[in-house]
Amino acid sequence: ARKFLALGMIDRPVSAQTAVTRGMFAQYAAMFMNAGDYSYNDGKYIFDDVPADHKCYAAIRYLYENSFIDTTKSTYGPDEPITLGEAAVIICRITGYEAYAQQRGGDYSAYYTVATTNELIPALGKSTSDTLEFTDVLEILDTASEASMVMSNMSGNGTSYENSDVTPLYYYHKILVLEDILSAFGTYTSDGGDTTSSGGVRIGNDTFITDIVDAYKYLGCRVDAYYVENTDELVFIEQNERNETFVIDGSLIESYDGTAITYRRDENTTATKRETLSKSMSRMYNYNYTAEYTKDDVENAEEIIFIDN
């Protein structure tokens, strides 16, 4: 949930197993599209069961006005749990895949097939009639935000549609993603290189400003860095899946001879292994570069983390 709070796609987290209603999903969809201030004061009728004072009225109205939900029915069921099929319809429409779903028949199965085929929705192990929990919605938002938008092109021959390299995250929020190694955060570095100003983060060759106070935890890691286009504002960081990490718990460390660490395989055995530290390996102590480790540094560590980035 932390990621989607940072990216502006949810306003508050709820427990993972909370059933998501149609009204709640409308709010998430509106934030996914960065709708901004979409409050309405005219009290316009949209559905019998969505009065103007309903807590989700503005979000539902926004989807209604933009034809992202069915406007032909008299009721919406804002407090009823949303199904996977209903969510697939909205996700397809806000990412431009409506025409493709209609070509397949326009039912829930068609929308779901288009959504999964084009990686708008992940495999959740559910049918289109199954309801969604908050954790399901987070997975959907995560997958859809990095999918390819479909763009329409109007010409004398009618309207054509084509997949683009534009993601919804960029289209709606102007947020781009940089994949590289985080090497500096303020006075902390992973390689002994230049430091940055307070709140500064260096990722690859780029420097950003962020209020992510625990960014130091990613030092030495390959990260996915989410930043706002044409600014140096970094809004979120997460480890890239290409990282491989290996952790030795401090309680298992037997000795360090300046070259290799000897440690027990687990707490239930006396059998040991040795892990040699190559000379080319960058070393950090308490998330900061150090040229060498002392015997005490290693043998008194709470844990030792190896990162292959």
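Cluster annotation: Met31 is not connected to Tyr170 through the hydrophobic network of ILVMFWY side chains, with a link wherever side-chain heavy atoms come within less than 4.5 Å. Cluster annotation: Tyr226 and Val223 are assigned to the same hydrophobic cluster (Ile/Leu/Val/Met/Phe/Trp/Tyr, side-chain heavy-atom contacts under 4.5 Å, transitive). Note on Leu120 and Val166: same hydrophobic cluster, where clusters join Ile, Leu, Val, Met, Phe, Trp and Tyr whose side-chain heavy atoms are under 4.5 Å apart, directly or indirectly. Hydrophobic clustering (ILVMFWY, side-chain heavy atoms < 4.5 Å, transitive): Phe4 and Val137 are in one cluster. Under the 4.5 Å side-chain heavy-atom criterion for ILVMFWY residues, no single connected hydrophobic cluster contains both Ile209 and Val228.
Across every non-hydrogen atom of Ala35 and Tyr62, the tightest pair is CB-CZ, 3.6 Å. What you find for Glu119 and Thr143 is that their closest heavy atoms are O-CG2, 3.0 Å. Counting all heavy atoms, side chain and backbone alike, Leu219 lies closest to Phe185 at CD2-N, 4.1 Å. Looking at every heavy atom in both residues, Phe236 comes nearest to Ala6 through CD1-CB, 3.9 Å. Nearest heavy atom pair, residue Pro168 against residue Thr95, reads CG-CG2, 3.8 Å. Considering every non-hydrogen atom in both Ala110 and Gly106, the closest pair reads CB-N, 3.7 Å.
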For this session: Apply side chain to side chain donor-acceptor pair (under 3.5 Å) to the pair Thr72 and Asp70, showing each step before the final yes or no.
Result: CA-CA 6 Å; Thr72 64; Asp70 189 347; 2.6 Å; yes
Problem set entry | Pair Ile121-Leu84, side-chain contact (heavy atoms from CB on, under 4.5 Å): steps then yes or no | CA-CA 9 Å; Ile121 289 179; Leu84 179 56; 4.3 Å; yes
For this session: Go through the steps to decide whether Met149 and Thr167 satisfy the test side-chain contact (heavy atoms from CB on, under 4.5 Å), and finish with yes or no.
Result: CA-CA 6 Å; Met149 292 282 294; Thr167 67; 5.8 Å; no
Problem set entry | Steps toward side-chain contact (heavy atoms from CB on, under 4.5 Å) verdict (Lys3, Met9) | CA-CA 9 Å; Lys3 175 178 180 178; Met9 292 188 184; over 6 Å; no
For this session: Applying side chain to side chain donor-acceptor pair (under 3.5 Å), run through Asp48 and Tyr45 and close with a yes or a no.
Result: CA-CA 8 Å; Asp48 289 345; Tyr45 165 88; 2.7 Å; yes
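The side chain to side chain donor-acceptor pair (under 3.5 Å) check on Asn34 picks up nothing, with sequence neighbours excluded. Considering only residues two or more places apart in sequence or on other chains, Tyr172 meets the ring pair (Phe, Tyr, Trp, His ring centres under 6.0 Å) condition with none of them. Lys295 is linked by a side chain to side chain donor-acceptor pair (under 3.5 Å) to Glu299, counting only residues two or more places apart in sequence or in another chain.
Between the side chain of Asp257 and the backbone N or O of Ala260, at least one donor-acceptor pair lies under 3.5 Å. A donor-acceptor pair is defined here as one N or O able to donate and one able to accept, closer than 3.5 Å; such a pair exists between the side chain of Arg283 and the backbone of Met281. Looking only at distances, a side-chain donor or acceptor of Asp130 sits under 3.5 Å from a matching main-chain atom of Ser127. Using a distance-only test at 3.5 Å, with no hydrogens or angles considered, no donor-acceptor pair links the side chain of Thr117 to the main chain of Val114.
Within 6.0 Å of atom CD in Glu229, more than 12 heavy atoms from other residues, nucleotides or ligands are found, so the atom counts as buried in its surroundings. The local environment of OH in Tyr293 is crowded, with over 12 non-hydrogen atoms from other residues, nucleotides or ligands closer than 6.0 Å.
Using a cutoff of 4.0 Å between basic side-chain nitrogens and carboxylate oxygens, Asp308 and Arg222 are not scored as salt-bridged. Using a cut-off of 4.0 Å between Lys/Arg side-chain N and Asp/Glu carboxylate O, Glu133 and Lys126 are scored as not salt-bridged.
Residues Asp11 and Gln27 are not in side-chain contact: their nearest non-hydrogen atoms beyond the backbone lie 4.5 Å or more apart. Proximity of Glu98 to Cys92: side-chain heavy atoms (C-beta onward) are nowhere separated by under 4.5 Å. Leu7 has its side chain within reach of Val235: a pair of non-hydrogen atoms, C-beta onward, lies under 4.5 Å apart. Between Glu254 and Lys273, the closest side-chain pair of non-hydrogen atoms is not below 4.5 Å. Between Tyr256 and Thr294 there is no side-chain heavy-atom pair separated by less than 4.5 Å. Side chains of Thr210 and Glu233 form no contact here, defined as non-hydrogen atoms less than 4.5 Å apart. Taking 4.5 Å as the limit, some side-chain heavy atom of Ile90 sits within range of a side-chain heavy atom of Phe25. The shortest distance between side-chain heavy atoms of Ile94 and Asn66 does not fall below 4.5 Å.
Aromatic rings of Tyr64 and Phe47 (six-membered ring for Trp) have centroids within the 6.0 Å cut-off, being under it. For an aromatic pair to be called close, the ring centres must be under 6.0 Å apart, and Tyr287 with Tyr188 fails this.
With rounding to the nearest 0.5 Å, the separation of CD in Glu275 from OG1 in Thr259 is 13.0 Å. Interatomic distance, Leu234 CG to Ile175 CD1, rounded to the nearest 0.5 Å: 10.0 Å. With values rounded to the nearest 0.5 angstrom, Gln239 atom CD is found 4.0 Å from Cys221 atom SG. Atom CD1 of residue Ile261 and atom CZ of residue Arg274 lie 10.0 Å apart, to the nearest 0.5 angstrom. Atom-to-atom distance recorded for Lys73:NZ and Thr71:OG1 is 11.0 Å, nearest 0.5 angstrom. Note that the CG atom of Asp224 and the CG atom of Asn240 stand 4.5 Å from one another [nearest 0.5 Å].
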Enumerate, atom names and distances included, each donor-acceptor pair closer than 3.5 Å involving a side-chain atom of residues 13-22, sequence neighbours excluded.
| unit_1 | atom_1 | unit_2 | atom_2 | d |
| --- | --- | --- | --- | --- |
| Ser15 | OG | Thr18 | OG1 | 2.6 |
| Thr18 | OG1 | Ser15 | O | 3.0 |
| Thr21 | OG1 | Gly23 | N | 3.4 |
| Thr21 | OG1 | Met24 | N | 3.0 |
| Thr21 | OG1 | Pro78 | O | 3.3 |
| Arg22 | NE | Glu86 | OE1 | 3.2 |
| Arg22 | NE | Glu86 | OE2 | 3.3 |
| Arg22 | NH1 | Tyr76 | O | 3.2 |
| Arg22 | NH1 | Gly77 | O | 3.3 |
| Arg22 | NH2 | Glu86 | OE2 | 3.0 |

Below 3.5 Å, can you tabulate the donor-acceptor pairs from side chains in residues 196-206 to any protein atom, sequence neighbours excluded?
| unit_1 | atom_1 | unit_2 | atom_2 | d |
| --- | --- | --- | --- | --- |
| Thr196 | OG1 | Gly186 | N | 2.8 |
| Thr196 | OG1 | Gly200 | O | 2.8 |
| Arg202 | NE | Ser183 | OG | 3.2 |
| Arg202 | NH1 | Asp194 | O | 2.6 |
| Arg202 | NH2 | Asp194 | O | 2.8 |

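By the 4.5 Å side-chain criterion applied to Ile, Leu, Val, Met, Phe, Trp and Tyr, Tyr108 is assigned to a cluster that also includes Val89, Tyr111.
When only modelled atom types and interatomic distance are considered, Asp249 and Ser251 share a side-chain donor-acceptor pair under 3.5 Å. Inspection of the His54 and Asp79 side chains reveals an N or O donor paired with an N or O acceptor under 3.5 Å. For Thr269 and Asp266, the side-chain atoms include no donor-acceptor pair closer than 3.5 Å.
Taking the ring centre of Tyr40 as origin, the terminal cationic atom of Arg61 falls inside the region bounded by 6.0 Å and 45° from the ring axis.
Screening Thr189, Asn309, Ile237 for a side-chain contact (heavy atoms from CB on, under 4.5 Å) with Leu182, the sole residue that qualifies is Ile237.
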